[in-house]
Enquirer: 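Just passing along the structure, written as structure tokens.
Here the structure is a predicted model, which is why all the values come from computation and not from measurement. Counting starts at 1 for both ligands and their atoms, following the listed order. All residue numbers in this chain count up from 1 along the given sequence.
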Amino acid sequence: MKALITGITGFAGSHLGEYLLSRGDTEVYGSYRLRSRMDHIEHLLPHIRLAECELKDPHSVNEMIREIRPDFIFHLAAQSFVPTSWNSPTDTMTNNTVGQINIFEAVRKFDIDCKIQIACSSEEYGMVYPEETPIKETNPLRPLSPYAVSKVAQDYLGYQYYHSYGLKIIRTRTFNHTGPRRGESFVTSNFAKQIAQIELGTKPSMIYVGNLQAKRDFTDVRDVVKAYWAALEKGDPGEVYNISSGEACTIHEMLQTLLSFSEVKIELKVDPERLRPSDVEILLGDCTKFRDKTGWKPVIAFEQTMEDLLNYWREQLRN
Ligand SMILES: C[C@H]1O[C@H](OP(=O)(O)OP(=O)(O)OC[C@H]2O[C@@H](n3cnc4c(=O)[nH]c(N)nc43)[C@H](O)[C@@H]2O)[C@@H](O)[C@@H](O)C1=O
């Protein structure tokens with residue numbers, strides 16, 4: 001079986017590559033863009049095959065799909081940082097939707113019989129009322145950022161290509177996920193890096209923060225990539241599934257958890273640049289539908305994830 005991961009050089013992509021290799025039942029292919037950094041996948045390079053591909057270019061995507069003829073596609077590549085989407089809404093929209101359309105069209109053009117997982121997001125739910133939590137897949141989508149709108153578009157394109165052409169697309173709406181290798185702009189990694197810098201003495205004992213009242217449902221990335229596999233193995237094409245832990249904490253509580261693994265004393269400073277024009281107040285997911293279908297459930301405790309993330313940054317900064 002051949003599995004193609006778009007965005008294999010990224011956070012979730014690198015963990016998924018590792019997981020698929022550990023299973024031993026798939027040949028792993030990954031797409032990357034010219035100038036992508038390879039540090040997350042250096043250890044995988046001897047075992048995977050890479051295809052340089054600009055997903056926005058239909059010709060480039062056609063060539064890749066025609067040559068690989070994958071059995072499974074995990075479409076993870078995206079502009080995934082919400083604040084960037086406020087500054088570059090056009091780029092976010094184009095990257096996230098055009099790339100996916102090009103993949104779908106290539107699969108149609110070369111008549112590839114494959115299953116496709118697309119990485120949709122809890123951000124699509126956007127403005128959620130307290131009585132709507134934990135959020136089910138049937139909740140209305142009320143996106144609050146250009147990123148969220150781009151994910152709604154990806155989600156509905158998946159729905160539409162399934163119904164129009166029978167493409168075997170499974171949509172996963174993943175809630176926040178983190179762990180080692182998380183990009184440093186995202187809140188968990190950003191705070192963990194700041195703590196590790198303070199420990200090293202390379203930064204004053206001040207942590208810069210944004211909105212600490214927001215609530216998020218965090219799952220370890222190493223559990224999330226197993227869910228992506230389960231989605232293609234056992235999920236129903238055309239369906240959409242939430243992937244979440246079912247528990248939420250405030251960003252402030254998340255920071256306290258990170259700090260519980262450190263001796264440093266810190267002060268907090270709100271950096272106005274970190275506040276968003278509109279922030280999603282609460283994302284707490286109900287993943288009963290996915291659990292019932294696949295048997296998946298997260299096994300890594302939140303505290304473990306936070307400790308591993310902090311240790312990741314300690315190691316990065318030592319090297
Ligand atoms: C599911 C969804 O998950 C992620 O989107 P996100 O929730 O925006 O992730 P984040 O880590 O940037 O922010 C989480 C929360 O934390 C607040 N916050 C406070 N202080 C800082 C801060 O200093 N930095 C950041 N980045 N956020 C901060 C911020 O305002 C927000 O309320 C992406 O993977 C996305 O691709 C995705 O699909």
Side-chain angles (χ1 to χ4, degrees), residues 7 10-13 15 75-88 92-93 95-96 118-128 135 139 141 143-155 171-179 181-195 197 203 206-221 223-225 227-228 240-245 248-259 266 268-285 287 302 305-306 309:
F11 167 57
H15 283 282
H75 178 41
L76 306 185
Q79 190 307 91
S80 65
F81 189 46
V82 172
T84 297
S85 80
W86 300 105
N87 302 329
S88 310
T92 301
M93 203 66 191
N95 259 304
N96 294 359
I118 59 174
C120 304
S121 166
S122 57
E123 274 287 308
E124 293 171 50
Y125 295 115
M127 197 168 69
V128 171
I135 308 162
N139 214 72
L141 305 179
L144 287 176
S145 66
Y147 167 78
V149 176
S150 78
K151 286 285 157 182
V152 171
Q154 278 193 249
D155 193 322
R171 296 168 286 150
T172 49
R173 286 188 194 144
T174 311
F175 286 62
N176 291 61
H177 44 296
T178 187
R181 302 184 206 139
R182 185 49 155 155
E184 65 180 277
S185 335
F186 298 89
V187 71
T188 46
S189 226
N190 190 277
F191 290 178
K193 183 179 179 188
Q194 291 192 62
I195 293 169
Q197 287 172 318
K203 179 185 183 306
M206 177 89 78
I207 297 200
Y208 292 97
V209 299
N211 172 19
L212 295 182
Q213 306 320 314
K215 288 189 176 159
R216 291 291 185 275
D217 176 334
F218 290 102
T219 304
D220 193 292
V221 65
D223 280 327
V224 165
V225 297
Y228 290 163
V240 63
Y241 300 101
N242 281 344
I243 294 176
S244 64
S245 77
C249 65
T250 63
I251 298 303
H252 193 254
E253 286 163 343
M254 180 279 290
L255 173 57
Q256 295 305 330
T257 307
L258 277 175
L259 286 169
I266 55 117
L268 298 183
K269 190 165 172 57
V270 175
D271 171 4
E273 292 278 304
R274 293 171 186 244
L275 300 172
R276 304 175 180 186
S278 51
D279 200 8
V280 174
E281 269 179 40
I282 178 161
L283 289 175
L284 164 60
C287 74
F302 175 63
T305 307
M306 290 295 121
L309 180 60

Enquirer: Hey, which atoms in ligand 1 end up nearer than 4.0 Å to a heavy atom of Ala214?
Expert: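 Selected atoms, number and element: 32 (O).
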
Enquirer: Number the atoms of ligand 1 from 1 as they appear, then name those within less than 4.0 Å of a heavy atom of Ser121, with their elements.
Expert: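 The list of qualifying atoms is 1 (C), 2 (C), 37 (C), 38 (O).
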
Enquirer: Looking only at protein heavy atoms, which one is nearest to atom 20 (N) of ligand 1, and how far off is it?
Expert: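 Checking every protein heavy atom, the shortest distance to atom 20 (N) of ligand 1 gives Gly210 N, 2.8 Å.
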
Enquirer: Any atoms of ligand 1 less than 4.0 Å from a non-hydrogen atom of Thr174? List them with their elements.
Expert: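 Per the distance check, 1 (C).
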
Enquirer: So does Gly285 get a backbone contact from the side chain of Asn242, meaning a donor-acceptor N/O pair under 3.5 Å?
Expert: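 No; judged by distance alone, with no hydrogens or angles, the pair does not exist.
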
Enquirer: Tell me whether Arg216 is salt-bridged to Asp279, with the criterion being a basic N under 4.0 Å from an acidic carboxylate O.
Expert: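 Salt bridge: yes.
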
Enquirer: As an exercise, identify every atom of ligand 1 less than 4.0 angstrom from a heavy atom of Phe81.
Expert: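 Going through ligand 1 atom by atom, the ones under 4.0 Å from Phe81 are 12 (O), 26 (N).
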
Enquirer: Return the residue, atom name and 0.1 Å-rounded distance of the protein heavy atom closest to atom 32 (O) of ligand 1.
Expert: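 I find the closest protein heavy atom is Asp279 OD2, 2.8 Å.
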
Enquirer: Heavy-atom contacts under 4.0 Å between Leu275 and ligand 1: side chain, backbone, both, or neither?
Expert: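 Neither; no heavy atom under 4.0 Å.
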
Enquirer: Students should be able to answer this: which protein heavy-atom is nearest to atom 36 (O) of ligand 1, and at what distance?
Expert: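 Heavy-atom neighbour on the protein nearest atom 36 (O) of ligand 1: Ser80 O, 2.6 Å.
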
Enquirer: Among all protein non-hydrogen atoms, which one is nearest to atom 10 (P) of ligand 1, and what is the separation to 0.1 Å?
Expert: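 For atom 10 (P) of ligand 1, the nearest protein heavy atom comes out as Arg276 NH2, 3.7 Å.
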
Enquirer: Name the closest protein heavy atom to atom 3 (O) of ligand 1, giving the residue it belongs to and the distance to 0.1 Å.
Expert: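 Going atom by atom, the protein heavy atom closest to atom 3 (O) of ligand 1 ends up being Asn176 ND2, 3.2 Å.
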
Enquirer: Taking atom CD1 of Ile282 and atom CD1 of Ile135, what is their separation to the nearest 0.5 Å?
Expert: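 Reported to 0.5 Å precision, the distance equals 7.0 Å.
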
Enquirer: Output the list of atoms in ligand 1 that are nearer than 4.0 Å to some heavy atom of Ser122, sorted by atom number.
Expert: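 Once the distances to Ser122 are compared, the set is 1 (C).
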
Enquirer: Would you call Lys215-Glu281 a salt bridge at under 4.0 Å N-O?
Expert: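 Looking at Lys215 and Glu281, the cut-off is not met.
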
Enquirer: List ligand 1 atoms under 4.0 Å from Val82, heavy atoms only on the residue side.
Expert: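 Near Val82, meaning under 4.0 Å from one of its heavy atoms, ligand 1 has 5 (O), 8 (O).
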
Enquirer: Hey, which of Leu268, Ile251, Asp271 is the one that makes side-chain contact (heavy atoms from CB on, under 4.5 Å) with Val209?
Expert: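 Among Leu268, Ile251, Asp271, the one meeting side-chain contact (heavy atoms from CB on, under 4.5 Å) with Val209 is Leu268.
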
Enquirer: Please name the residue in the list Arg182, Glu184, Arg274 that meets the side-chain hydrogen bond (donor to acceptor under 3.5 Å, both in side chains) test with Asn190.
Expert: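 Checked Arg182, Glu184, Arg274 against Asn190; only one passes side-chain hydrogen bond (donor to acceptor under 3.5 Å, both in side chains): Arg274.
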
Enquirer: Between His177 and ligand 1, which part of the residue brings a heavy atom under 4.0 Å of the ligand: side chain, backbone, both or neither?
Expert: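 Near ligand 1, His177 shows nothing, with every heavy atom at 4.0 Å or more.
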
Enquirer: Is the Phe81 to Phe186 ring centre distance short of 6.0 Å?
Expert: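 Between Phe186 and Phe81, which both carry aromatic rings, the centre distance is below 6.0 Å.
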
Enquirer: Note the single closest protein heavy atom to atom 15 (C) of ligand 1, along with its residue, its atom name and the distance in Å.
Expert: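 Going atom by atom, the protein heavy atom closest to atom 15 (C) of ligand 1 ends up being Ile251 CD1, 3.7 Å.
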
Enquirer: Is Thr172 reaching over with its side chain to a backbone N or O of Thr174, donor-acceptor style, under 3.5 angstrom?
Expert: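 Checking the backbone N and O of Thr174 against the side chain of Thr172, no donor-acceptor pair under 3.5 Å is found.
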
Enquirer: If you measure every N or O of Thr188 against every N or O of ligand 1, does any of those distances drop under 3.5 Å?
Expert: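 No, Thr188 has no N/O under 3.5 Å of an N/O on ligand 1.
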
Enquirer: Indicate yes or no for a side-chain donor-acceptor contact from Asn96 to the backbone of Gln79 under 3.5 Å, with no hydrogens or angles considered.
Expert: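 Here the side-chain-to-backbone pair exists.
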
Enquirer: Heavy atom under 4.0 Å from ligand 1: found in Ala78's side chain, backbone, both, or neither?
Expert: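 Neither part.
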
Enquirer: How close does the nearest protein non-hydrogen atom get to atom 17 (C) of ligand 1, and which residue and atom is it?
Expert: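 In this structure, atom 17 (C) of ligand 1 has Asn211 O, 3.6 Å as its nearest protein heavy atom.
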
Enquirer: Quick one: does any side-chain atom of Lys151 pair with a main-chain N or O of Pro146 as donor and acceptor, under 3.5 Å?
Expert: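 Answer holds: no.
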
Enquirer: How about Ile266 and Leu259: do any of their side-chain heavy atoms sit closer than 4.5 Å?
Expert: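 Ile266 vs Leu259: side chains touch.
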
Enquirer: Residue-level breakdown please: for Val187 versus ligand 1, do any non-hydrogen atoms fall below 4.0 Å on the side chain, on the backbone, on both, or on neither?
Expert: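 Both the backbone and the side chain of Val187 come within reach of ligand 1.
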
Enquirer: Against ligand 1, does Arg182 come closer than 4.0 Å with any heavy atom?
Expert: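 Within the 4.0 Å threshold, so yes.
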
Enquirer: With backbone taken as N, CA, C and O and side chain as the heavy atoms from C-beta onward, which portion of Lys151 lies under 4.0 Å from ligand 1: side chain, backbone, both, or neither?
Expert: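 Neither; nothing of Lys151 gets under 4.0 Å from ligand 1.
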
Enquirer: Among all protein heavy atoms in this structure, tell me which lies nearest to atom 26 (N) of ligand 1, with the distance rounded to 0.1 Å.
Expert: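 Here the nearest protein heavy atom works out to Ser185 O, 2.9 Å.
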
Enquirer: Using a 4.0 Å heavy-atom threshold (strictly under), name the region of Lys215 that reaches ligand 1: side chain, backbone, both or neither.
Expert: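 Answer for Lys215: neither.
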
Enquirer: Any side-chain donor-acceptor pair under 3.5 Å between Ser85 and Thr92?
Expert: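 Thr92 and Ser85 do not have a side-chain donor-acceptor pair below 3.5 Å.
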
Enquirer: Checking Gln194 side chain against Tyr208 main chain: does a donor-acceptor pair fall under 3.5 Å?
Expert: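 Between the backbone of Tyr208 and the side chain of Gln194 there is a qualifying donor-acceptor contact (under 3.5 Å).
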
Enquirer: I need the Asn211 CG to Arg276 CZ distance, nearest 0.5 Å.
Expert: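 It comes to 8.5 Å.
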
Enquirer: Please list, in number order, the atoms of ligand 1 under 4.0 Å from a heavy atom of Arg274.
Expert: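 Those of ligand 1 that fall under 4.0 Å from Arg274 are 22 (C), 23 (O).
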
